[in-house]
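See structure below.
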Amino acid sequence: MEVPTGLLTVAEYAALGEVEPGYTELVEGRLLFCPSSSLDHNVASSQLAMAIYTALPPGLEVLVNTDLDLGLASAGEPGTVRRPDIMVIRAGARRRVRDEGRLLRAADAVLVVEVVTPESERTDRIHKRTDYADAAIPHYWIVDISGTVSVTAEHTVTGTFRTTEPFAFELDLSRLT
């Protein structure tokens, strides 16, 4: 693949397709290459995605490692596309993406989840938190699997994570190790 020069729009990013190794994100028009996830990260992400799936009410779906256009720039301007580890979207969004040939939009997401790795901690805790808030995504969970497993939603929780927003969900965090 020829690496593009200059700042990219969301449409230009989407036209690139999959890139190896790892995956990419687009931040303010800049293409970022992200390393492949560790085995522990993948196990935690998979376990969490399955647990979320079983808790979802009708009208919501769970996706993993899927591009999300944050809509932080006008069409034709350098954009931002993140790829959350886990995302809960409104039903019907996949059909729209398939029919229109575009990316999921921030308005489709009700929850994004990032599983923190030592390499991504600052990005997940600061940069992505800000990006997701700017995109008006209502819920963002940060799952830290180093040491005692914790989830940060509005505050940090260890042991058992319980919430009623954006849907009723409970998980023994030790299952993620």
Side-chain angles (χ1 to χ4, degrees), residues 1-38 41-42 44-117 119-120 123-124 126-143 165-167 169:
M1 174 198 98
E2 184 176 319
V3 177
T5 58
L7 300 177
L8 300 176
T9 66
V10 170
E12 291 168 331
Y13 170 82
L16 291 175
E18 292 298 315
V19 179
E20 293 295 334
Y23 67 91
T24 59
E25 291 183 325
L26 185 69
V27 177
E28 296 177 348
R30 293 171 184 87
L31 192 61
L32 299 181
F33 290 90
C34 305
S36 296
S37 301
S38 71
H41 178 278
N42 289 340
S45 294
S46 297
Q47 293 292 334
L48 183 55
M50 287 187 290
I52 289 171
Y53 173 80
T54 62
L56 287 180
L60 297 176
E61 297 181 303
V62 65
L63 299 173
V64 296
N65 296 319
T66 304
D67 284 337
L68 179 65
D69 176 2
L70 297 187
L72 300 177
S74 301
E77 296 295 321
T80 299
V81 175
R82 291 293 192 175
R83 188 178 286 193
D85 292 320
I86 301 168
M87 177 173 26
V88 174
I89 62 169
R90 291 175 179 82
R94 281 189 307 121
R95 179 180 312 260
R96 181 192 50 76
V97 167
R98 194 170 44 244
D99 292 347
E100 295 177 4
R102 297 187 180 183
L103 300 178
L104 287 167
R105 298 182 294 230
D108 298 323
V110 296
L111 167 68
V112 292
V113 181
E114 295 289 356
V115 177
V116 174
T117 63
E119 301 80 23
S120 72
T123 297
D124 292 343
I126 297 171
H127 302 294
K128 286 187 178 183
R129 178 188 296 267
T130 300
D131 286 350
Y132 295 147
D134 288 349
I137 295 171
H139 300 278
Y140 177 43
W141 298 350
I142 300 169
V143 178
E165 294 296 329
F167 50 88
F169 181 72

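Please read all numbers here as calculations on a predicted model, not as lab measurements.
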Next item on the list: Under the side chain to side chain contact (heavy atoms under 4.5 Å, CB included) rule, collect the residues that match up with Asp69, sequence neighbours excluded.
Entry: Val10, Leu103

Margin query: Taking side-chain hydrogen bond (donor to acceptor under 3.5 Å, both in side chains) as the definition, give me every residue that meets it alongside Tyr132, ordered by chain and number, with sequence neighbours left out.
Written below: Glu114

Check: Can you name the salt bridge (charged side-chain N to carboxylate O under 4.0 Å, His left out) partners of Glu25, sequence neighbours left out?
Finding: Arg82, Lys128

Notebook entry, point to check: Can you name the residues that form a side chain to side chain contact (heavy atoms under 4.5 Å, CB included) with Asn65, not counting sequence neighbours?
Noted result: Arg83, Asp85

Item checked: salt bridge (charged side-chain N to carboxylate O under 4.0 Å, His left out) partners of Arg30, counting only residues at least two apart -> Glu28

Note to self: Test of understanding: with side-chain hydrogen bond (donor to acceptor under 3.5 Å, both in side chains), list the residues that count as partners of Ser37, not counting sequence neighbours.
What the structure shows: His41

Checklist line | Glu77: partners by salt bridge (charged side-chain N to carboxylate O under 4.0 Å, His left out), with sequence neighbours left out | finding: none

Note to self: Listing request: all salt bridge (Lys or Arg N to Asp or Glu O under 4.0 Å) pairs with a residue in residues 52-63, at least two apart in sequence or in separate chains.
What the structure shows: Glu61-Arg94

Check: Do you know which two heavy atoms are closest between Leu70 and Ala135, and how far apart they sit?
Finding: O-CB, 3.5 Å

Note to self: As an exercise, state the distance from OH of Tyr140 to CG of Asp131, rounded to the nearest 0.5 Å.
What the structure shows: 9.0 Å

Checklist line | Side chains of Leu60 and Leu111 in contact at under 4.5 Å (non-hydrogen atoms) | finding: no

Check: Given Leu104 and Leu63, is the side chain to side chain contact (heavy atoms under 4.5 Å, CB included) satisfied, shown in steps?
Finding: CA-CA 11 Å; Leu104 287 167; Leu63 299 173; 3.4 Å; yes

Notebook entry, point to check: What residues, two or more places apart in sequence or in another chain, satisfy side chain to side chain contact (heavy atoms under 4.5 Å, CB included) together with Arg102?
Noted result: Glu100

Notebook entry, point to check: Mind checking what makes side chain to side chain contact (heavy atoms under 4.5 Å, CB included) contact with Ala91, not counting sequence neighbours?
Noted result: none

Check: Looking only at heavy atoms, which two atoms of Ala49 and Ile86 are closest? And how far apart?
Finding: N-CD1, 3.7 Å

Checklist line | With sequence neighbours excluded, residues passing side-chain hydrogen bond (donor to acceptor under 3.5 Å, both in side chains) with Glu165 | finding: none

Next item on the list: Report yes if some heavy atom in the side chain of Ile89 is under 4.5 Å from a heavy atom in the side chain of Thr66; otherwise report no.
Entry: no

Note to self: Can you give me the closest heavy-atom contact between Pro78 and Gly29, atom names plus distance?
What the structure shows: CB-CA, 3.6 Å

Item checked: Arg95 atom CZ, over 12 foreign heavy atoms within 6.0 Å -> no

Note to self: Using only atom types and a distance under 3.5 Å, with no angle test, would you say the side chain of Ser120 pairs donor to acceptor with the backbone of Val116?
What the structure shows: no

Notebook entry, point to check: Can you find a heavy atom in the side chain of Ile137 that is under 4.5 Å from one in the side chain of Met87?
Noted result: no

Note to self: Can you confirm whether His139 sits close enough to Val88 that some side-chain heavy atom of one is under 4.5 Å from a side-chain heavy atom of the other?
What the structure shows: no

Notebook entry, point to check: Which pair of non-hydrogen atoms, one from Phe167 and one from Pro57, has the smallest distance, and what is that distance?
Noted result: CB-CD, 3.6 Å

Notebook entry, point to check: According to the side-chain hydrogen bond (donor to acceptor under 3.5 Å, both in side chains) rule, which pairs have a member within residues 44-57, sequence neighbours left out?
Noted result: none

Next item on the list: Would you check if Tyr13 and Thr24 make a side-chain contact, meaning some heavy-atom pair closer than 4.5 Å?
Entry: yes

Item checked: Test item: Leu26 and Thr80 side chains (from C-beta on) under 4.5 Å apart, heavy atoms -> no

